> 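Below you'll find the structure I mean.
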Amino acid sequence: MANGNRSVLVVGLGRFGSAVATTLDHMGQDVLAVDRNAELVSRWSSILPTVQADLTDVMAVEQIGITDFTTAVVAIGDSVEASVLVTGNLLDAGISDIWAKSVSLQHARILERIGATHIINAETDAGKRVGHLVSGNYLDYIEIDGPHTVVKIHTPSHLVGYSIAEAQVHERYGVTVVAVKSPNRDLEYGSKDLVMHRNDELILMGTQDQIEQLIRG
C-alpha cells in the first residue's frame, strides 16, 4: 500500500460496519471488529478478526489493547447513546482518528462536539466507500456502473515529474487520468502532455485492481 497499513478498530457489525470491516480486510489493512452481540461476532469470526465486547464500558476498552489502533470506525446505528459513549471512550483512550456513523443531524452534532474526526451520514455514505477512504490511499472514491471506479489520489511518487504520456498511465495500467488539480490552479482535463506534480490531485478511472497497481507502481 502506498501509505502503509493502518490498524483499524471497527465497532459494530451491522450491515454498515461489516461492509467497512470486510472492505478494509480485503485491502490488506489490519482490522479488528468488535460487537457486543455474540451472534454477530460468531457470524463474522470465520471471516474477520473479531472480539465480543461492550465498548461503552471503559474497562472493556482497556482490555482489548486500544493503543494498538491508529483509527477507529464507530458503526453503531441502533443506539445514539452507545455511539456517543463509545466514541468518547475511544477518544479518551488516545485514538484521534475516529470515523463515526450518525443517524440524524442531532446525532452528528453531538459526535462532532465531542471530537469525532469524521462524521459519516448513514443515509448517503456506503460502507464500502468509507472503507476505501479509511484505508488512506484515496482522497475520494466513487463506484460507477460495472467494474470501474473513479478515485481521487495524490500523485504517486513514481509518477512525479512525468507527463501522462511519458508515464504511459493507460498503456501500463489500463487507468485513465480524467483530470488533474494542482494547488492554487483550476482543474485541468487529463491531456497527454499534462505533467503530474507531487501535490497534485489525480482523478482516475479504472478497475480496483488497475488503480491499486498504479498506486503501488
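Heads up: numbering here begins at 1 and tracks the sequence. This structure is a prediction, so every number in the text was calculated from the model and none was measured.
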> Between E166 and S163, is there a donor-acceptor pair closer than 3.5 Å when you use the side chain of the first and the backbone of the second?
yes
> Could you pull out the closest heavy-atom pair between A72 and L90, with the gap in Å?
CB-CD1, 3.7 Å
> Check whether N89 reaches the backbone of L55 with its side chain - one donor and one acceptor, N or O, closer than 3.5 Å.
yes
> State whether the number of non-hydrogen atoms from other residues, nucleotides or ligands found under 6.0 Å of E188 atom CD is greater than 12.
yes
> Just wondering, more than 12 heavy atoms not from D68 lying within 6.0 Å of its CG?
yes
> Only one of I76, D35, V34 clears side-chain contact (heavy atoms from CB on, under 4.5 Å) with L13; which?
D35
> Using every non-hydrogen atom in the two residues, find where V31 and P49 come nearest and quote the distance to one decimal.
O-CG, 3.3 Å
> Is D57 reaching over with its side chain to a backbone N or O of M59, donor-acceptor style, under 3.5 angstrom?
yes
> Which pair of non-hydrogen atoms, one from A100 and one from T87, has the smallest distance, and what is that distance?
CB-OG1, 4.2 Å
> Flag yes if more than 12 heavy atoms outside E171 fall under 6.0 Å of its CD atom; otherwise flag no.
yes
> Evaluate the criterion side-chain contact (heavy atoms from CB on, under 4.5 Å) for residue pair S83 and H107; output intermediate values, then yes/no.
CA-CA 9 Å; S83 167; H107 185 193; 2.9 Å; yes
> Ignoring hydrogens and geometry, is there a side-chain-to-backbone donor-acceptor pair from S18 to R15 under 3.5 Å?
yes
> Please walk me through it: do L204 and V178 pass side-chain contact (heavy atoms from CB on, under 4.5 Å)?
CA-CA 6 Å; L204 310 176; V178 178; over 6 Å; no
> Judged by atom type as modelled, is there a donor-acceptor pair below 3.5 Å linking the side chain of S182 to the main-chain atoms of R185?
no
> Side chain of S7, backbone of D30: donor and acceptor closer than 3.5 Å?
no
> Among the clusters formed by ILVMFWY side chains lying less than 4.5 Å apart, do L40 and L24 turn up in the same one?
no
> Determine whether M196 and L202 make a side-chain contact, defined as any pair of heavy atoms from C-beta on separated by less than 4.5 Å.
yes
> Taking all non-hydrogen atoms of both residues into account, name the closest pair between L91 and A116 and its distance.
CD1-N, 4.2 Å
> Is there a side-chain contact between V175 and Q213, using heavy atoms and a 4.5 Å cut-off?
no
> Using side-chain contact (heavy atoms from CB on, under 4.5 Å) as the criterion, point out the one residue from L187, D200, I203, T155 that pairs with V180.
D200
> For the backbone of A33 and the side chain of T50, can you confirm whether one donor and one acceptor N or O come within less than 3.5 Å of each other?
no
> Is there a donor-acceptor contact under 3.5 Å linking the side chains of D209 and T207?
no
